[in-house]
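Structure first, then comments.
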Amino acid sequence: MQEAMMNTDPRRSIPMDRFLSDLEPFINLDTPTADLAACRNAAVFLAARLENAGLSVTRHTCGADGRPLLTAVSPSARQDNAISELHADHHDRKPYDFLLVGHFDTVFPAGTAARRPFRLDAAEGRVYGPGTVDMKAGVLLMIYVAEYLTVVHPEIRLCLLLDCDEETGSADSAPFLIEYGEKSHCAFVFEGARKAGQFVSQRKGCRKYEIEITGVASHAGTAPRQGASAIVEMACWITALDKLKHYDRGTSVNIGLVQGGTALNVVPDRCTAKMEVRYTDEKEILRIQRAIARLSRKPSVENTQAHVTCLSDMPPLRLSPETRELMDRMAAYGRAHQNEIEAGLLDPIDFVSAGGLSDANRLAACGIPVMDGGGPGGGFPHSEKEFLSLDSLQKRYQLLTGLLPYLYRQMNA
């Protein structure tokens, strides 16, 4: 079997029936980020599939709650690591040529898969179900690409990393993402491709804040002057903060949650709000911070005070020189395979920036080329209409099984 695979075209068709037989039980596993038991069940499923693909799997736990995380390496990477441990002259060599990254948590609550299980619509060429394109099909595609490369191109040293807290910002898995990113020459994140099959080369950063304002409670009818309304002060904050958005600079401000008050006839003494800022330029975050400081120093409502907490910060995925070089090489591969593109076998290789977040944001700190949107495309993620395009899956597999060996040769020329 191995010799037969060695003689096949490295952009051959994905074994669709086998892929779908793996995808169906995976989709039908609920994996809400907060449900650690469900995520552990999915990790067991994926570990078995990784091992069947010929990869060496390590099961990790991360965060205070012991969240599951998997890494899996190809035989060549495992062998190279063993040599590095024995010979000092290998220590400076990065152990992985490519880091392939995906997440298996979803935004859907427990019970969603039972209500809306895997459904194949052959006529449409689509698969429906929770997490199809975000990003369970991408996770499986990673494994199938790795399985193929370990046989056809065993010299390529691969590491796959699968986490289950991406939908909430990857706070627990971030140290692992950075550790393995720094050990790799290049990273591909298998979030879904864009509508026309584009890769994602840039993502905005996101900083989240909680604003708590305290005032003075009082009876709204008999002693209104003795009160200091935290809600009115928060309204002043919301108006001022909303004016800070600057779409031309790529900066958005959204106050998405507000809570306050105890009764209609009580001047409220507490109000909280949560805000996120999406940005591309670090100067914009400094501008927001200065505005928050001014609002804190000079309340509009006397006898109110504000306390602001930064809940999380995801750096932007910027277009670094390393990523630009990767894009140039990918574009050159596309030009060399223009006939396949014109025949509809491959999507044109193109790149876009995105406002959403992914594990690529965490990898941005590693100083390596990072490419996102490596997975198959579809539509309507995070909704009941979510679907995977089988045509996109086929094209992505054909592209990646040819592109990664090409990039490997370029990097080692």
Going through the checks in order, is the ring pair (Phe, Tyr, Trp, His ring centres under 6.0 Å) test met by Tyr144 and Tyr397? CA-CA 8 Å; Tyr144 271 69; Tyr397 180 80; 7.2 Å; no

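- Counting only distance, with no hydrogens or angles, the side chain of Asn361 and the backbone of Pro315 share a donor-acceptor pair below 3.5 Å.
- In this structure, CD1 on Ile27 lies 4.5 Å from CG on Leu23, to the nearest 0.5 angstrom.
- In this structure the side chain of Cys366 reaches within 4.5 angstrom of the side chain of Glu182, judged on heavy atoms.
- Legend: side-chain hydrogen bond (donor to acceptor under 3.5 Å, both in side chains) pairs involving residues 229-239, not counting sequence neighbours, sorted by first then second residue: Glu233-Trp237.
- Heavy-atom contacts from other residues, nucleotides or ligands closer than 6.0 Å to CD of Glu302 number 12 or fewer.
- The closest donor-acceptor contact from the side chain of Asp35 to the backbone of Ala38 lies under 3.5 Å.
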Pair Arg78-Ser56, side chain to side chain donor-acceptor pair (under 3.5 Å): steps then yes or no: CA-CA 8 Å; Arg78 184 174 68 248; Ser56 296; 2.2 Å; yes

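- In this model, a donor atom of one side chain and an acceptor atom of the other lie less than 3.5 Å apart for His103 and Glu191.
- Between Asp391 and Lys395 there is a salt bridge, since at least one side-chain N of the basic residue sits less than 4.0 Å from a carboxylate O of the acidic one.
- In this structure, Gln338 places its CD atom where more than 12 heavy-atom neighbours from other residues, nucleotides or ligands lie under 6.0 Å away.
- Judged by distance alone, with hydrogens and angles left aside, the side-chain atoms of Ser173 form no donor-acceptor pair with the main-chain N or O of Cys62 at under 3.5 Å.
- No donor-acceptor contact under 3.5 angstrom links the side chains of Arg270 and Thr214, judged on distance only.
- Panel note: side chain Asp242, backbone Ile238; no donor-acceptor pair is recorded below 3.5 Å.
- Here the options are Leu399, Leu404, Asp328, Leu407, the test is side chain to side chain contact (heavy atoms under 4.5 Å, CB included), and the partner is Tyr333; only Leu399 passes.
- The closest side-chain donor-acceptor pair between Glu167 and Thr33, if any, does not fall under 3.5 angstrom.
- Summarising the geometry, atom OG1 belonging to Thr106 is positioned 8.5 Å from atom CD belonging to Glu386; distances are rounded to the nearest 0.5 Å.
- For the pair Leu390/Leu20, a side-chain contact is recorded, criterion being any heavy-atom separation below 4.5 Å from C-beta on.
- Counting heavy-atom neighbours within 6.0 Å of Glu179 CD, excluding the residue itself, gives a total above 12.
- Between Phe19 and Leu140, some side-chain heavy-atom pair lies under the 4.5 Å cut-off.
- Salt bridge annotation for Glu276-Arg278: present, with a cationic side-chain nitrogen under 4.0 angstrom from a carboxylate oxygen.
- By the 6.0 Å contact criterion, CG on Asp17 is open, its count of non-hydrogen atoms from other residues, nucleotides or ligands being 12 or less.
- To the nearest 0.5 angstrom, Phe387 atom CZ is 8.5 Å from Glu124 atom CD.
- In this structure, the side chains of Tyr209 and Val277 come closer than 4.5 Å at one or more pairs of heavy atoms.
- Between Glu322 and Arg329, no side-chain nitrogen of the basic residue sits less than 4.0 Å from a carboxylate oxygen of the acidic one, so the salt-bridge criterion is not met.
- Counted by atom type alone, Arg67 and Thr61 present zero donor-acceptor pairs between their side chains at under 3.5 Å.
- Side chain of Thr168 to backbone of Asp165: a donor-acceptor contact under 3.5 angstrom is found.
- Between the side chain of Ser184 and the backbone N or O of Cys186, no donor-acceptor pair lies under 3.5 Å.
- Taking every heavy atom of both residues into account, Ser296 and Val308 meet most closely at OG-CG2, 4.4 Å.
- The line from OG1 of Thr251 to CD1 of Ile288 is 6.5 Å long, rounded to the nearest 0.5 Å.
- Applying side chain to side chain contact (heavy atoms under 4.5 Å, CB included) to Leu162 and the options Asp105, Val139, Leu100 leaves one that passes, Val139.
- Looking only at side-chain heavy atoms (C-beta outward), Cys39 and Phe104 come within less than 4.5 Å of each other.
- The side-chain tip of Arg157 does not point at the ring of Tyr96 from less than 6.0 angstrom away and within 45° of straight on.
- Remark: Leu70 CG to Leu55 CG distance equals 11.5 Å, nearest 0.5 Å.
- Applying the 6.0 Å contact sphere to NZ of Lys183 captures more than 12 heavy atoms from other residues, nucleotides or ligands.
- Glu147 places none of its side-chain heavy atoms less than 4.5 Å from the side chain of Val151.
- In the model, Thr31 has a side-chain atom that pairs as donor or acceptor with a side-chain atom of Lys136 under 3.5 Å.
- Judged by the 6.0 Å and 45° rule, Arg40 forms no cation-pi pair with Phe45.
- A 6.0 Å sphere centred on CD of Glu384 holds no more than 12 heavy atoms belonging to other residues, nucleotides or ligands.
- The closest side-chain heavy-atom distance from Asp372 to Gln202 is not below 4.5 Å.
- If you run side chain to side chain contact (heavy atoms under 4.5 Å, CB included) between Ile211 and each of Leu241, Thr309, Val258, only Leu241 comes through.
- Between Asp347 and Ile341, every side-chain heavy-atom pair lies at or beyond the 4.5 Å cut-off.
- Although no hydrogens or angles enter the test, the distance criterion places a donor-acceptor pair under 3.5 Å between the side chain of Asp30 and the main chain of Gly111.
- Taking the six-membered ring where the residue is Trp, the centroids of His60 and Phe176 are separated by under 6.0 Å.
- In this structure, CE in Met371 is found 5.5 Å from OG in Ser201, a value given to the nearest 0.5 Å.
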